[in-house]
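Report on the structure given below.
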Number of protein chains: 2
Amino acid sequence: MADQSGPTLTRIQQKNRDLILEGALSAFSTNGFRGATVDQIAEAAGLSKPNVLYYFPTKDEIHKTLLTTLLDMWLAPMMRIDPKGEPLAEVMAYVRAKLEMSRRFPRESRLFAYEILQGAPHLTEILGGSLRGIVDTAAAILQNWMDQGRLARVDPHHLIFSIWALTQHYADFDVQVRAVLGPGHDPFVEAEPFIDNLYRKMLSV
Amino acid sequence: MADQSGPTLTRIQQKNRDLILEGALSAFSTNGFRGATVDQIAEAAGLSKPNVLYYFPTKDEIHKTLLTTLLDMWLAPMMRIDPKGEPLAEVMAYVRAKLEMSRRFPRESRLFAYEILQGAPHLTEILGGSLRGIVDTAAAILQNWMDQGRLARVDPHHLIFSIWALTQHYADFDVQVRAVLGPGHDPFVEAEPFIDNLYRKMLSV
DNA sequence: TCCTTTATTGACCAATTGGTCAGGAACAGG
DNA sequence: CCTGTTCCTGACCAATTGGTCAATAAAGGA
């Protein structure tokens, strides 16, 4: 999906671009696009500001590169839904994978959350384009299973939305969840059986 | 919860403060705290920038006032859960109220979303304080119903989180939802039966 | 080693932006 | 009317910040 090709990079370029993207991920996911400064990114990357701008022409470009680079990884689990698999097991595997991504990659989750909240200025064409296609494909598989009576009948698109909402909530609203639960809780550990049970009850025929 | 008292305001003060808060709600919910400028707020309010700063000493103060003012309204539905009511009906009423709030007040939803994403710099004490208390109260009611066998047994706190996640998703990620569904869909109209069915299936004994 | 290419940076610039201030306009109440 | 208070604004300031640039340092290949 994202263009992974391009001119070959020197070792130094590869390393520094990676450092910058890593630092930018931290900065953007903490403060949003406007809130993050190039200086912050530079410091997080261990480089000077002009050096950052040497590898990426603009702050905007860093942001766009991050988004498009990470989008594939973010959507990968949905594309692994196997039409030949056992319906409920496939859905549960997707749900579990998505929750695991929230747990392991909360910065990425927040990065996308900011972008969508903002109105997705850098992702509009992708949202209505390839993302929509991927979702439609998954929805068609689900719909098929429902038509065969192997899964309870619900709106497949909203089923997918619900999985996104439930799992990403634990990454995006982490501070709220932890504040409400108080110390001594691991939100993700507790969330898994809850969400598991939820989809089992809703989707079992 | 929020301090609604204070010195009496002249008619003109009342009107202009309202204009400013209304403009600020639009600005902050669209661009986040850092992204919104005092000029934007002033223009949205139909006032000059110095005049805005005449009514509120700082941009920060406007933001804090907005959050605390709106928090009560935002949490109100949860406090209307009636321990003497019919369990499933009470939960469903709460879910429906929350979805309706997402539909009617998406700006407020986004305002809170930005704040929590940011790490809730203005709400930390509230999150772990009164909010936690309110949630615990509601959770206790739910737990009680479950102990009486009038509601399926699930983690009550995560049940509440799931309601927040599912309903606010349609306000906060509106552009994504609409982009994926394509034109000719009303997300909220479709979401209601889906979510309704979800909680009915999960919570019926 | 030499020389071309690539990396790096301190100093700087222009635009944005939160906030100030002195003074004027509108508006009470007497 | 007059007068004190409230309301409003143009002009301005200092800090922040995205981005530039000339000059220097480091690689790297022949």
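Just so we're on the same page: letters track the sequence lines, and every chain starts at 1.
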| request: Name the residue closer to the 5' end of DNA chain D, choosing between B:Lys15 and B:Lys49 according to the nucleotide with the nearest heavy atom. | output: B:Lys15
| request: Tell me, with the steps shown, if A:Val91 and A:Ile81 meet side chain to side chain contact (heavy atoms under 4.5 Å, CB included). | output: CA-CA 7 Å; A:Val91 174; A:Ile81 296 177; over 6 Å; no
| query | Which of residues 35-42 of chain A sit near DNA chain D, with a heavy atom under 4.0 Å from it? | reply | A:Ala36, A:Thr37, A:Val38
| query | Once the angle between the rings of A:His158 and A:Phe161 is folded into 0 to 90°, is it parallel (under 30°), tilted (30 to 60°) or perpendicular (over 60°)? | reply | perpendicular
| note | Separation between NZ (A:Lys49) and NZ (A:Lys59), nearest 0.5 Å, reads 10.5 Å
| request: Identify, between B:Pro57 and A:Pro50, the residue whose nearest nucleotide on DNA chain C lies closer to the 5' end. | output: A:Pro50
| message | Under the criterion side chain to side chain contact (heavy atoms under 4.5 Å, CB included), I'd like the reasoning laid out for B:Met73 against B:Phe105: C-alpha separation, chi angles, the key distance, then a yes or no. | response | CA-CA 11 Å; B:Met73 160 197 160; B:Phe105 307 109; 3.4 Å; yes
| field | Donor + acceptor pair across side chains of B:Tyr54, B:Gln13 (<3.5 Å) | value | no
| said: For A:Glu22, is there an ion pair with A:Arg107 - N to carboxylate O distance below 4.0 angstrom? | reply: yes
| message | Please verify the inter-ring angle class for A:Phe28 with A:His63; under 30° counts as parallel, over 60° as perpendicular, anything in between as tilted. | response | perpendicular
| query | Quick one: A:Leu47 CG to C:dT8 C1', roughly how many Å, whole number? | reply | 10 Å
| Lys/Arg-Asp/Glu bridge criterion (N-O < 4.0 Å) met for A:Glu115, A:Arg110 | no
| field | Qualifying residue for ring-ring contact (aromatic ring centres under 6.0 Å, His included) with A:Phe112, from A:Trp74, A:Trp164, A:Phe33 | value | A:Trp74
| message | Across nucleotides 2-7 of chain C, 5' to 3', mark each nucleotide with B, S or - according to how protein heavy atoms within less than 4.0 Å reach it. | response | ----SB
| For chain B, the stretch of DNA chain D it reaches, first to last nucleotide, under 4.0 Å of its heavy atoms | D:dT6 to D:dT17
| said: Looking only at side-chain N and O atoms, does B:Tyr170 offer a donor or acceptor that is under 3.5 Å from a partner on B:Ser109? | reply: no
